Amino acid sequence: MRVSILASGSSGNITLLETERTRLLVDCGLGKRETLARLAAIEKNVEHIDGILITHEHTDHCNGLPQMLGLWKAPLYVTEPTMGALQRTLPETFGKRLKGVETIHAGQHFSIGDIEVHAFAIPHDAADPIGFTFRSNGAKMALVTDLGYMPELVKVHLKNSDCLMLESNHDLDMLKVGPYPWVVKQRVLSRTGHLSNHAVGEYLSDPDGFDAIARYLVLGHVSQENNNPYLVRISAEEALGRRSAECAFRGELLVASQDAPLRSLEL
Ligand SMILES: [Zn+2]
Ligand SMILES: [Zn+2]
């Protein structure tokens with residue numbers, strides 16, 4: 001399985017997952033031109049997509065969906081509440097370009113080609129937000145962004161991942177003194193907002209939470225106002241450094257960017 005995170009952050013999220021037989025997109029938060037430019041940047045020419053999965057209806061995850069449906073005519077995998085929200089918020093072209101909708105729900109396992117997908121609920125202020133794990137050819141990838149805290153059940157789903165993509169959205173101090181209005185700060189900090197570097201650190205340092213099996217640990221959805229990639233990395237490295245030698249993390253720590261695709265990761 002190959003994972004290409006094309007963009008991650010509050011201005012657009014999109015990830016490509018590939019095996020020899022199957023290609024999936026998770027979220028469509030960039031327009032057609034930018035998506036194609038990023039695919040070209042990592043030397044990918046994608047002619048066919050087997051499925052588009054949407055985590056939740058916030059614009060940074062679905063803005064480009066009508067264009068992507070026009071481009072690839074792929075079936076859409078969404079939960080019913082998210083589909084309702086998409087129909088309310090996206091332009092009419094969305095409905096016109098739909099080529100088929102597979103209704104999924106949190107807790108469900110399903111297959112698309114040779115990729116086995118598991119969807120699970122995450123705490124976020126959207127209609128029915130979900131995270132995913134993907135399994136193929138013995139490899140496992142987990143993708144979880146946009147969540148206010150790490151529920152125990154989510155930690156269980158993330159175990160045994162060869163690649164873990166997790167949100168590290170904001171630095172608590174930067175958020176507190178930053179430019180956001182108070183209500184927005186409250187929203188980000190809430191149990192249905194976003195994970196802070198600190199919350200990620202608590203998870204990464206705890207051997208009962210993070211099992212450190214991952215070959216690639218990717219931190220993403222990094223706020224451009226209230227965080228920066230260096231802080232994300234320093235905070236995560238400090239947290240991983242708190243683990244004892246016998247359960248040390250020996251994989252690679254990466255920070256996904258809003259502005260450029262991450263190199264493709266081979267699992
Ligand atoms: Zn988001
Ligand atoms: Zn969101």
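Numbers for residues simply follow the sequence, beginning at 1. Atoms within each ligand, like the ligands themselves, are counted from 1 in listed order. If you're wondering where the values come from, they're calculated on a predicted model, not measured in any experiment.
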Of all the N, O or S atoms in His124, which has the shortest distance to the Zn ion (ligand 2)? NE2
In this structure, CD1 of Ile104 is separated from CZ of Phe110 (nearest 0.5 Å) by 4.0 Å
Classify the angle between the aromatic ring planes of His56 and His61 as parallel (below 30°), tilted (30 to 60°) or perpendicular (above 60°). tilted
I'd like to know if Lys159 and Glu152 make a salt bridge, using a cut-off of under 4.0 Å between side-chain N and carboxylate O. no
Look at the rings of His109 and His118 and say which category their plane angle falls in: under 30° parallel, 30 to 60° tilted, over 60° perpendicular. parallel
Protein N, O or S within less than 2.8 Å of the Zn ion (ligand 1), waters excluded: Asp60 OD2, His61 NE2, Asp146 OD2, His221 NE2
Can you tell me how the ring of Tyr203 sits relative to the ring of Phe210, calling it parallel under 30°, perpendicular over 60° and tilted otherwise? tilted
Assess whether atom CD of Gln108 is packed by more than 12 heavy atoms of other residues, nucleotides or ligands within 6.0 Å. yes
